[in-house]
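Right, one structure below, let's go through it.
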Number of protein chains: 2
Amino acid sequence: MATDRDSVLEAAVGVLSRRPTAHLDEIARAAGISRATLHRLFPGRDALIREVGLLGLQRFGAALDSAAVDEGDAHAALRRLVEALVPDASLCAFLTGESTLYDDEEINELWESQIARMHALFLRGQQQGTFRIELSAAWLSEAFFDLVAGIGWAIQDGRLAPRDAVFSLSELFLGGALRAPRPS
Amino acid sequence: MATDRDSVLEAAVGVLSRRPTAHLDEIARAAGISRATLHRLFPGRDALIREVGLLGLQRFGAALDSAAVDEGDAHAALRRLVEALVPDASLCAFLTGESTLYDDEEINELWESQIARMHALFLRGQQQGTFRIELSAAWLSEAFFDLVAGIGWAIQDGRLAPRDAVFSLSELFLGGALRAPRPS
DNA sequence: TAATTCTGAGACATCCACGTCTCATTCGGA
DNA sequence: TCCGAATGAGACGTGGATGTCTCAGAATTA
């Protein structure tokens with residue numbers, strides 16, 4: 001069953017985003033399977049983490065796609081991106097915390113290309129007069145992703161209600177990023 | 001020499017904030033000492049990481065003190081806090097990345113108490129009408145610290161100029177946190 | 001200079017997570 | 001019911017980082 005692999009990856013995210021050094025025992029338990037089965041699904045720890053990373057980057061890219069970040073008003077695009085990204089916030093938290101991921105060439109390239117899309121969004125928004133130009137597009141991209149990851153951690157630890165996530169993130173970030181005094 | 005321990009801790013932060021799983025060899029090399037001397041200064045890896053964590057929390061507390069976060073206007077207090085905290089941004093990055101730290105009771109209590117001080121600052125700011133009340137004080141605290149950590153990572157990786165750190169952080173965050181349309 | 005202390009380099013031993021294996025059990029289909 | 005596949009539990013070996021040790025050389029002090 002291919003679905004099983006995915007559900008295991010989901011469970012792995014839940015554990016690894018909070019504790020990147022978690023043992024395989026713990027991940028297996030979280031997935032509701034034995035360590036043996038975990039090894040049957042994934043050759044080893046490195047492979048598992050790599051696949052989780054690829055899943056995260058794929059979801060990230062899918063969110064960028066579904067939000068159509070390179071179309072229309074940058075402000076609206078960013079709000080769409082928040083909506084699309086929040087459900088995978090813990091995955092983004094994983095991408096931030098698991099630093100060893102970026103030793104891998106393919107992962108690195110994927111990451112760079114997704115970040116470039118975000119960078120382009122902010123750059124376009126600045127050219128449109130939507131986003132502030134005193135803050136570099138690079139910093140806006142970085143800060144945005146940091147906040148998404150923070151959302152993921154906060155939700156997982158029960159410090160933030162999932163329902164509040166989209167509002168909290170978009171209001172705080174856009175308040176600082178938008179050039180206009182305050183969005184409606 | 002007591003100073004040596006501190007300089008080793010500083011070097012350890014530089015390595016561990018970026019790669020929490022770095023080997024002791026690497027940390028020793030970064031500190032310019034041998035692994036043997038590292039072991040003479042710190043009983044083991046756990047002890048080293050614990051001391052780095054304590055250093056970070058102490059610096060965090062010192063920043064809260066020097067910024068006098070519980071005095072006067074909350075807006076001004078937060079700006080002072082940013083100034084005081086940015087030099088130790090990588091230490092804050094370490095505190096967010098090294099999750100195993102919080103297995104320790106003492107570390108956990110220290111962390112909670114410092115966060116409580118930040119929480120109080122935001123709560124006071126909300127009561128003063130300085131900060132937005134649509135965003136919970138807890139989320140503001142969390143998001144602020146996430147951004148500080150992000151600043152630390154960005155500076156260490158050379159993606160952000162240290163000179164721009166205070167401005168980038170305070171402008172972005174305050175823009176989203178302040179109730180007033182935009183600070184001067 | 002001589003003595004003491006500190007340091008670095010390296011050689012071990014140890015420990016723990018990981019990877020592999022076996023085997024009994026369970027689940028699902030014929 | 002029977003058979004095959006999949007799973008879980010556990011044992012076992014392995015690798016690599018860690019922790020401890022020794023010893024020679026450097027640094028510091030008298």
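All values below were derived from every heavy atom in this structure, side-chain atoms included, with hydrogens, water molecules and symmetry-related copies excluded. Every chain is numbered from 1 and lettered A, B, ... according to where its sequence line falls, protein lines coming before strand lines. Model, not experiment: these values are computed from the prediction.
Separating the CG atom of A/D25 from the P atom of C/dG19 is a distance of 11 Å, rounded to the nearest angstrom. For A/L48 and C/dG19, the CG to P distance is 10 Å, given to the nearest whole Å. For the pair A/I33 CD1 and C/dC27 P, the computed distance is 17 Å after rounding to whole Å. One interatomic measurement links the two molecules: CZ of B/R45 to C1' of D/dT20, which rounds to 18 Å at whole-angstrom precision. Rounded to an integer number of Å, the gap from B/R40 CZ to D/dC21 C1' is 10 Å. As rounded to whole Å, 11 Å separates atom P of C/dC16 from atom CG of B/D46. Atom CG in B/L38 sits about 15 Å away from atom C1' in C/dC6, given to the nearest Å. For B/F42 and D/dG19, the CZ to P distance is 13 Å, given to the nearest whole Å.
Heavy atoms only, all atoms of each residue included: B/G56 and B/L95 are closest at C-CD1, 4.0 Å.
Shown for residues 16-24 of chain A: residues whose heavy atoms fall under 4.0 angstrom of DNA chain C, namely A/H23, A/L24.
Classification of A/R50 and A/D103 as a salt-bridged pair fails, no side-chain N sitting under 4.0 Å from a carboxylate O.
At least one side-chain nitrogen or oxygen of A/T37 sits closer than 4.0 Å to the OP1 or OP2 atom of D/dG8.
Listed for the A/R80 side chain is a donor-acceptor partner under 3.5 Å among the backbone atoms of A/A68. Under the 3.5 Å distance criterion, the side-chain polar atoms of A/W153 are left unmatched by any main-chain donor or acceptor of A/A89. Side chain of B/Q128 to main chain of B/D73: no donor-acceptor pair is present (N/O by atom type, distance under 3.5 Å, no hydrogens or angles). With A/D88 contributing its side chain and A/L91 its backbone, the two residues share no donor-acceptor pair below 3.5 Å.
Side-chain proximity of B/R35 to D/dT7, D/dT22, D/dG19: nearest is D/dG19. Taking the side chain of A/S34 as heavy atoms from C-beta on, and the options D/dT22, C/dG19, D/dA9, the nearest nucleotide is D/dA9. Of all nucleotides listed (D/dG19, D/dG8, C/dA9), D/dG19 comes nearest to the side chain of B/H39.
Applying the salt bridge (charged side-chain N to carboxylate O under 4.0 Å, His left out) rule to pairs touching residues 148-160 of chain A yields A/R18-A/D157, A/D157-A/R159, A/R159-B/E142, sequence neighbours excluded.
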